[in-house]
2 protein chains.
Amino acid sequence: MEILRELKKLALFKGCPDQDIARMKNCFKAEITSYEKGEVIINQSSDANRVYLIVKGEANVEHEDMFGNISIILNLKAGDFFGLEEAYADKNTYKDALVSAEKAIVASFDRQKIISPCSNNCPCHIMLAKDMMKMISARSLALTDKIKHLSQRGIKDKVLSYLETQSRIAGSSYFEIPFNKTELANYLAVERSALSTVLGKLKKEGVIDFDKKRYHIKAKNQEE
Amino acid sequence: MEILRELKKLALFKGCPDQDIARMKNCFKAEITSYEKGEVIINQSSDANRVYLIVKGEANVEHEDMFGNISIILNLKAGDFFGLEEAYADKNTYKDALVSAEKAIVASFDRQKIISPCSNNCPCHIMLAKDMMKMISARSLALTDKIKHLSQRGIKDKVLSYLETQSRIAGSSYFEIPFNKTELANYLAVERSALSTVLGKLKKEGVIDFDKKRYHIKAKNQEE
DNA sequence: GAAGTTTTGTTGTTTTTGCAACAAAAAGGG
DNA sequence: CCCTTTTTGTTGCAAAAACAACAAAACTTC
């Protein structure tokens with residue numbers, strides 16, 4: 001089964017023997033679905049009775065506000081979960097939507113099975129609990145990062161704050177981000193055209209360079 | 001001991017017999033300290049080897065960016081933790097500071113003891129693990145809420161988004177927020193004087209009313 | 001490779017925000 | 001109760017962002 005190969009690539013199942021993964025899939029009532037780019041995986045405000053694992057590809061957590069503006073809260077990659085917080089915090093609706101950002105494979109699990117101790121005594125389940133904790137914590141920190149960016153005054157500072165973080169994560173001044181310009185504007189909650197202008201200016205000033213989704217931070221601290 | 005009375009008020013220790021709390025305090029190498037308003041409890045970027053529990057009072061999680069601007073990430077109340085995410089995600093420095101927002105009592109625990117299973121077989125420790133999970137999840141959701149506010153274009157929408165959330169949490173159109181105007185500006189990452197102008201306008205328009213930290217949302221959806 | 005779609009860049013206008021400086025009001029401390 | 005400090009409101013100006021509308025470029029799809 002092809003899915004098994006994908007699952008084994010994830011840090012979550014690292015070192016799990018095949019038959020254990022199979023048993024867990026059964027135990028968690030796993031369902032696996034493929035999505036095309038742009039497909040809505042979960043609708044905002046729908047009932048939160050499952051948790052979702054990105055097995056392959058990427059998906060965005062999106063929020064639509066009362067005026068119809070859509071903002072990208074987070075970008076999820078293979079191995080990331082959606083809906084875990086709702087499960088553990090006992091919320092019964094998702095507050096955001098999950099939208100496929102490219103061709104993606106997504107597994108979903110029964111929420112109750114995930115959060116309660118396993119009666120079948122699955123070998124990897126205890127380890128899993130700790131991984132969950134780590135994952136939720138990491139997400140919390142990622143959200144804090146995003147707040148850091150959004151808290152910057154002005155588009156220029158927002159985008160630089162974001163790019164610096166991405167650069168740090170990539171470990172290089174050359175890096176690729178998961179967003180095109182429109183999506184980046186949504187992520188940073190600014191007007192797309194205004195962002196375009198600012199990016200153009202930063203490029204002209206020689207602070208950064210970019211092409212498509214690839215960016216390069218040229219000067220570190222030689223501004224003003 | 002007075003502290004014990006405070007601890008027992010927290011949801012975390014609800015139903016725990018006194019001697020168990022005492023044992024856990026010992027097991028987690030607990031230390032308890034009092035702080036005056038404005039005192040820094042934890043410095044940004046300092047070593048993350050303990051986790052902190054607000055026992056009484058309030059404290060703000062604050063972040064100082066590269067330009068020296070300070071923004072309030074979150075407001076923590078009695079029962080809330082600081083540093084849990086770093087512990088579980090295995091980060092060795094705090095990325096934000098913790099500052100007392102009023103006279104407060106804070107307990108701190110050894111990070112390792114909190115995240116590893118207890119060898120002493122403390123009676124409440126298993127329950128505690130689940131509470132931790134719930135707490136981190138709740139924080140994650142709170143951060144998402146904040147992102148929702150920050151993603152609004154314009155101060156007016158930001159502040160209304162925030163106030164509506166606070167109103168929903170309080171379950172009434174009359175409610176009190178934990179911030180004064182300066183702090184609210186920091187939380188929403190906008191200029192204080194601009195916020196003041198916008199609030200004044202909203203009051204004049206009859207959309208909201210406020211006095212000190214008490215607010216009232218008058219009209220639901222009759223704007224423009 | 002032509003036609004349509006999506007993404008990106010550009011520009012001008014309007015509105016909002018940031019900034020700075022000040023004054024009034026409220027809170028806190030002896 | 002007076003003095004000091006903190007909080008809040010106000011205003012004018014400069015800067016920045018939102019908005020709208022359009023054009024060019026890139027990417028699809030047949």
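In this text the structure is predicted, and so the values were computed from the model without any measurement. Note that these values count all heavy atoms, side chains included, but never hydrogens, waters or copies made by symmetry. In the text below, chain A, chain B and the rest are named by the order of the sequence lines, each starting its count at 1.
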- Which angle, rounded to 10°, do you find between the first-five-pair axis and the last-five-pair axis of the helix from C:dG1-D:dC30 to C:dG30-D:dC1? 60°

- Message: Rounded to whole Å, please give me the gap between CG in B:L150 and C1' in C:dT17.
- Response: 15 Å

- Message: Base, sugar-phosphate or nothing for B:G154? Non-hydrogen atoms, less than 4.0 Å.
- Response: sugar-phosphate

- Task: Tell me, yes or no, whether the heavy-atom count around A:K213 atom NZ, taken from other residues, nucleotides or ligands under 6.0 Å, exceeds 12.
- Result: yes

- Task: Select one nucleotide: of C:dT7, C:dG18, D:dC19, the one nearest the side-chain heavy atoms of A:T182.
- Result: C:dT7

- Between C:dG18, D:dA18, D:dT11, which nucleotide gets closest to the side-chain atoms of B:T197? D:dT11

- Rounded to the Å, how far apart are A:K204 NZ and C:dT10 C1'? 10 Å

- Query: A:N180 side chain N/O closer than 4.0 Å to the phosphate oxygens (OP1, OP2) of C:dT6?
  - Reply: no

- Item | Given DNA chain C, 5'-ward residue of the pair A:K213 and A:R153, judged by closest heavy atom | A:K213

- Query: Pick one: which of B:E58, B:E36, B:E39 meets side-chain hydrogen bond (donor to acceptor under 3.5 Å, both in side chains) with B:K103?
  - Reply: B:E36

- Separation of A:D157 atom CG from D:dA15 atom P, in whole Å? 16 Å

- Query: Quick one: does B:K158's side chain have a donor or acceptor within less than 3.5 Å of a partner on B:Q152's backbone?
  - Reply: yes

- B:N186 CG to C:dT17 C1', straight-line distance once rounded to whole Å: 16 Å

- Task: Look only at the side chain of B:D211 and the backbone of B:R214, and say whether a donor-acceptor pair between them is shorter than 3.5 Å.
- Result: no

- Indicate whether any N or O donor in one side chain lies under 3.5 Å from an N or O acceptor in the other, for B:H63 and A:S151. no

- Calculate the interatomic distance between A:R192 atom CZ and C:dT7 atom P; express it in whole Å. 10 Å

- Query: Over how many whole Å does the gap from A:Q152 atom CD to C:dG18 atom P extend?
  - Reply: 13 Å

- Query: Within the side chain of A:S172, is there an N or O that forms a donor-acceptor pair under 3.5 Å with the backbone of A:Y174?
  - Reply: yes

- Query: How are the rings of B:F109 and B:F81 set relative to one another: parallel (under 30°), tilted (30 to 60°) or perpendicular (over 60°)?
  - Reply: tilted

- Gap between atoms CG and P, on B:L184 and D:dT7 respectively (whole Å): 14 Å

So which protein N/O to nucleotides 27-30 of chain D N/O distances come out below 3.5 Å?
residue: D:dC27; atom: OP1; partner: A:K212; partner atom: NZ; Å: 2.9

- Task: Could you pick out which residue, B:S193 or B:K37, lies toward the 5' side of DNA chain D when each is mapped onto its nearest nucleotide?
- Result: B:K37

- Taking the inter-plane angle between the rings of B:Y94 and B:Y52 on a 0 to 90° scale, is it parallel (under 30°), tilted (30 to 60°) or perpendicular (over 60°)? perpendicular

- Item | Whether A:R139 side chain and A:E85 backbone form a donor-acceptor pair below 3.5 Å | no

- For B:F210, which contact category applies under a 4.0 Å heavy-atom criterion: base, sugar-phosphate, or nothing? sugar-phosphate

- So with a 6.0 Å cut-off around NZ of B:K181, is the heavy-atom count from everything else above 12? yes

- Query: Base, sugar-phosphate, or nothing for A:L199, non-hydrogen atoms under 4.0 angstrom?
  - Reply: nothing

- Message: Using whole Å, what does the distance between atom C1' of nucleotide C:dG9 and atom CG of A:L202 come to?
- Response: 15 Å

